[in-house]
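Just so it is clear, the model here is predicted, and its values are computed rather than measured.
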Amino acid sequence: MTVRTRFAPSPTGYMHIGNLRTALYAYLFAKSQNGKFVLRIEDTDQKRYVEDATRVIYETLETANIHHDEGPDVGGDYGPYVQSQRKAIYKEYALKLIEKGAAYYCFCAKTEDEAPEDEEPKENPFESTCHCRDLSPEEVQRNLAEGKPYVIRQRVPHEGTTTFNDMVYGEITVENETLDDQILLKSDGMPTYNFANVVDDYLMGITHIIRGSEYLSSNPKYILLYQAFGWEVPCYIHLPLINGKNPDGTVSKLSKRHGAVSFQALVEEGYLPEAIINYIALLGWSPKNEHEIFSMDELCEVFSVAGLHKSPAVFDYQKLDWVNAQHIQAMPFEQFSKMAFEYSGVKGTFLEPKWNKLATLLQPRINKFSEIPSKLQFLFEVAPYDVEMYINKKNKSTLESSIDILKTTIDAVNRIDKWDEETLSEAFAKVAADNNIKYGPLMWPSRIAMSGLQATPGGSTDIMYLIGKEETLKRLQAGLEFIQSKLG
RNA sequence: GGUCUCUUCGUCUAGUCUGGUCAGGACGUCAGGUUUUCAUCCUGGUAACUCGGGUUCAAAUCCCGGAGAGACUACCA
């Protein structure tokens, strides 16, 4: 039997990283089994309708390199793949359940969902079960004839237990009496997720249901639904949640306050889609060896359910940075250069002609593209800095020695006419030799004078080359005067 | 409150099924080295089996109990 998995996002307008990881695993599992990966849009909540939200889903999957074999945009034999277009189907199946006695009409007024925080602890769940469960057929008919609004609820047995097996969490059993009569069909005729996912997964021939572990506790109700219909229960693969670290050290479900959590936001911050995918693949799954950097193709090859973890993982932006840096460094230079240029803000400035050189310096030094502008800022203007910067133990640099070295440097620069990296390097190597000083100590003061920074993309001669002879002299002179003024 | 789930370095994890290397790797961090500083790169250090019992010659691993954390408990998904 061909494996079929699905990703069933709700069109909310953005793709949460946890959802994307679910999509990724569903995709990887399908691919690793030579199966099909289906995209289904779960838009049964009309109140939550967001313009263009499905477009965000398509674009995200496209950039993330996750390709569905069937879906609203690509078609397939099991359509339609948008739940709002399947409205009639759910009604039909809900009615079947009523016939079978596994569901019932409920005419109660809508329970307002206000102040869930202060909600009184619910006593016995059956006290909230309304009397509609036991309405006679005649009463139901009368209400229906009167046109009373209704919902259809699942009739959960008050006795017995329900058991299912999950490929990650193992066998889980619950007492049916702890389950409530959830709503299957809303008063607007739309199904709830709880009902639609069961009907659609069955009708679409989904063999393995992959989703977050937040559905673990409601799964017994779905099992009961399958049993009521007489359908074969699919395989389940529930995934551990992704948490974020709170300022106080505790963890909770990853959300905005932890930082960027949508795929788009991460991409905008300068993370590569393949790096994001690589990183989230490792949150909750392990290849069980020491490889960490993967391409999508490699992931498809090595993915296995056995590597899935049960416990929740904390999203670590530092490690994401590292993974991203690995991918950046592995990029072909041309591609990096082009992409970095877009972020750099260099277009139209004096640096544009020297972009290639800059890009070379940048590629091994950044974690994400958004860092680029701030790393280049000093090339346009030296920000005020502390004179202490000239003091460096390792290079035996003091304010006094810096004055001497800066003077020597200025002399040397004045004598250089050919302004390219090689000439500059050679010239300073010679200055070092002539003055019996090491290269490092020689270049330290000038880099401070020219950048006001201890860490810059590239070394001192690189900076000289980039800003040009005139500006170099200007900055060196300014640095010299700065130290002198401090020494009085 | 009820139900379900989870628990190895600060973080991601290997090891658990098939008890038996000083519990391994990565990020971070610290130190040293290379490098025209920083970074990259290299080397080394740091740091963990939630607790308590039991079984056993031997327990992270098997059994029992406690504790903590998370999810669900919507006409959201």
Report yes or no: is there a donor-acceptor pair, N or O only, under 3.5 Å between the side chain of [X] and the base of [N]?
X: Arg365(A); N: rC38(B); value: yes
X: Tyr215(A); N: rA77(B); value: yes
X: Ser187(A); N: rC75(B); value: yes
X: Thr461(A); N: rU36(B); value: yes
X: Lys253(A); N: rA71(B); value: no

With a 4.0 Å cut-off on heavy atoms, is Gly458(A) in touch with a base, just the backbone sugar-phosphate, or nothing at all?
base

Centroid separation under 6.0 Å, is that true for the rings of Phe303(A) and Trp285(A)?
yes

Looking only at the aromatic ring of each residue, does the gap between the centers of Tyr25(A) and Phe7(A) stay below 6.0 angstrom?
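Ring centroids of Phe7(A) and Tyr25(A) are no less than 6.0 Å from each other.
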
Determine the interatomic distance between [atom1] on [N] and the same-named atom on [M]; round to the nearest Å.
N: rU5(B); M: rC75(B); atom1: C1'; result: 28 Å
N: rG24(B); M: rU46(B); atom1: C1'; result: 15 Å
N: rA58(B); M: rG65(B); atom1: C1'; result: 23 Å

Just name whichever nucleotide pairs with rC41(B), Watson-Crick or G-U, keeping both distances under 3.5 Å, else none.
rG33(B)

So, is Lys310(A) near the phosphate of rC6(B), with a side-chain N or O under 4.0 Å from OP1 or OP2?
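So the side-chain polar atoms of Lys310(A) do come within 4.0 Å of the phosphate oxygens OP1 or OP2 of rC6(B), strictly under.
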
Quick test of your reading of the model: are Arg133(A) and Asp181(A) salt-bridged, counting only N-O distances below 4.0 Å?
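A salt bridge is present here (some side-chain N lies under 4.0 Å from a carboxylate O).
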
Partner of Tyr279(A) by ring-ring contact (aromatic ring centres under 6.0 Å, His included), out of Phe263(A), Phe315(A), Tyr317(A), Tyr271(A)
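For Tyr279(A), the ring-ring contact (aromatic ring centres under 6.0 Å, His included) test succeeds with only one of Phe263(A), Phe315(A), Tyr317(A), Tyr271(A), which is Phe315(A).
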
